[in-house]
Amino acid sequence: MIVMEETIKKEKFVIKGLAGRKTLSGSISISGAKNVVLPIMASSILFEDGFTATNVPEIEDVKRMGELLEQIGVGVEQKNKNTYSFKIKKQFNKELNKEISKKMRASILLTGPMLARFGEVHFPHPGGCVIGKRPIDLFVNGFEKMGAEIKDENDGYKIYTKNGKLNGAEIFFNLQSHTATETFLMAGVLAKGKTVLKNCAMEPEIKNLADFLVSHGAKINGAGTSTIKIIGSGLLKDKKIKYVTMPDRIETGSFLILGALSAKKMVIEKCNPDDMEVVINILKESGVNIKTTKNEIIVENNNSKQIFNGVNIKTHEYPGFPTDLQAPMTIFLTQAQGESTMFETIFEGRLNYTENLVRMGAEILVWNPYKIEIKGPRKLKGKKLESPDIRAGLAFVIASIIAKGESEIDNVYYIDRGYENIEGKLSGIGVDIKRTESSQ
Ligand code: EPZ
């Protein structure tokens with residue numbers, strides 16, 4: 001039932017900009033979080049039977065993860081829009097599909113559950129967005145600590161366990177890594193004995209994944225803090241509790257920035273403002289009028305001449321400023337008064353997109369591959385652009401909305417990897433955006 005990647009159409013967005021006017025209005029709804037649903041899907045390998053997940057975002061990365069799972073031995077069925085069931089089949093394949101894995105870094109999430117369940121996994125070096133080197137040393141070291149042997153061969157890695165089982169182990173991550181934390185959290189569930197993970201990433205998605213696994217029988221303590229303890233307790237069983245995917249923090253932050261720059265009043269619905277503290281604080285300090293309720297963020301521009309002040313931002317692991325909002329925030333800073341700096345501390349290739357903002361009229365000085373200075377406010381002009389990765393792609397959408405004239409954004413596939421029905425959501429608040437076939 002799931003479409004293979006080769007059939008994906010080449011499309012572009014055509015956006016008519018607002019030339020700085022703040023006219024958007026209405027409500028926009030947040031979808032389920034990509035970066036939690038992918039590990040939740042990967043965790044199906046830990047189940048005796050399977051489970052059902054709701055509020056699953058209809059995005060390309062979910063389709064790719066579904067394809068990977070089908071080939072490994074998990075049946076993936078779309079029950080309704082945004083609702084999927086995952087069911088373990090009888091036969092397993094220990095090799096990850098090369099074509100998909102090479103293009104999607106999140107495929108590495110499958111290695112933990114696969115190794116823990118099948119005692120063996122083969123996979124190519126995982127690819128993904130071009131945002132730096134993205135090594136896998138934390139995974140290799142961790143699996144070795146759990147008793148596995150690793151062969152680095154021409155076409156990828158082969159990892160084996162001696163007796164078909166991973167052993168519980170104490171693993172200290174030299175860096176806080178989102179997917180490494182999740183991968184070993186899942187591996188620990190089927191490992192023999194106790195696993196202790198130290199210097200873990202603390203993103204809300206990790207706690208959410210752990211809570212889900214615990215609700216189906218896993219024994220996990222400390223997720224959401226820097227030390228997580230897992231007692232290997234065998235295959236999980238479907239407790240018939242439907243999993244509801246938590247709201248996407250990055251989509252929420254991106255719409256909040258868009259609202260600050262171009263809305264009269266925008267209500268961001270079905271989100272979790274508690275996960276957004278740093279973003280809300282920084283935008284408020286810069287002069288943005290933001291109110292929150294339990295599940296909504298309201299951003300309002302009562303005065304169309306409102307000036308925002310420049311700020312200095314450093315990306316950081318949660319609860320610091322997320323690297324995935326660095327690009328949208330840079331667009332905000334092109335419209336803020338004075339000098340701002342953006343210091344990207346997580347990935348080294350993640351500021352390359354800024355040369356296109358300069359083509360649009362932004363004044364950006366590149367200090368080094370990690371740091372830029374932005375002088376604002378500067379009026380932006382519509383241009384032909386190409387989405388380089390998921391997050392910079394959406395940043396180009398925001399830049400095109402505030403710019404004067406028409407912009408074309410090619411490589412829409414990247415945006416579709418992470419955002420559900422983006423043109424539908426944006427049209428709903430007044431953005432002039434059309435999806436057309438790409439001529440490339
Ligand atoms: C996750 O990537 C997210 N992806 C990324 O979102 C996000 O940008 C990133 O975390 C940081 O928040 C998913 O959750 C699927 P890391 P991940 O391992 O886990 C280094 C998006 O657009 N590192 O936390 O791959 C690494 O190079 C994406 O949604 C090693 O050195 O990132 C980086 O500098 C893009 N060795 C740092 O750790 C390793 O073995 C943190 O990366 C692993 C990572």
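In listed order, ligands and their atoms are each counted from 1. Source: prediction; values computed, not measured. Start at 1 with the first residue, then count along the sequence.
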Using a 4.0 Å heavy-atom cut-off, say whether [X] meets ligand 1 through its side chain, its backbone, both or neither.
X	result
R350	side chain
T323	side chain
V140	neither
R105	side chain
E317	neither
R391	side chain

One finds that the ligand 1 atoms under 4.0 Å from a non-hydrogen atom of I136 are 40 (O)
If we number the atoms of ligand 1 from 1 as shown, the ones under 4.0 Å from a heavy atom of K34 are 21 (C), 29 (O)
Report the member of [options] with the shortest heavy-atom distance to [atom].
atom	options	value
atom 42 (O) of ligand 1	Y318, F347, F173	F347
atom 43 (C) of ligand 1	P135, A180, A33	P135
atom 31 (O) of ligand 1	L175, D389, T179	L175

Does [X], backbone or side chain, put an N or O under 3.5 Å from an N or O of ligand 1?
X	result
E203	no
D137	yes
I346	yes
L38	no

Distance-only polar pair, side chains of [X] and [Y], donor-acceptor under 3.5 Å:
X	Y	result
Y243	N208	yes
N82	E420	yes
S31	Y419	no
Q78	E58	yes
Y353	Q326	yes

Would you indicate whether the side-chain heavy atoms of P322 and V279 approach each other to under 4.5 Å?
yes
Can you give the donor-acceptor pairs under 3.5 Å from side chains of residues 166-177 to other protein atoms, not counting sequence neighbours?
unit_1	atom_1	unit_2	atom_2	d
E170	OE2	K198	NZ	2.7
Q176	NE2	N199	OD1	3.4
Q176	NE2	C200	O	3.3
S177	OG	A180	N	3.1

- Determine, step by step, whether I298 and I290 satisfy the side chain to side chain contact (heavy atoms under 4.5 Å, CB included) criterion, reporting the C-alpha distance in whole Å, the side-chain angles of both residues, the deciding distance to 0.1 Å, and the verdict. CA-CA 6 Å; I298 301 122; I290 299 173; over 6 Å; no
* So, for H122 and Y157, is the gap between ring centers shorter than 6.0 Å? -> no
Tell me whether ligand 1 is touched by A201 - counting only heavy atoms on the residue side and a distance under 4.0 Å.
no
Aromatic ring pairing F143/F139, orientation class (parallel under 30°, perpendicular over 60°, tilted between)
tilted
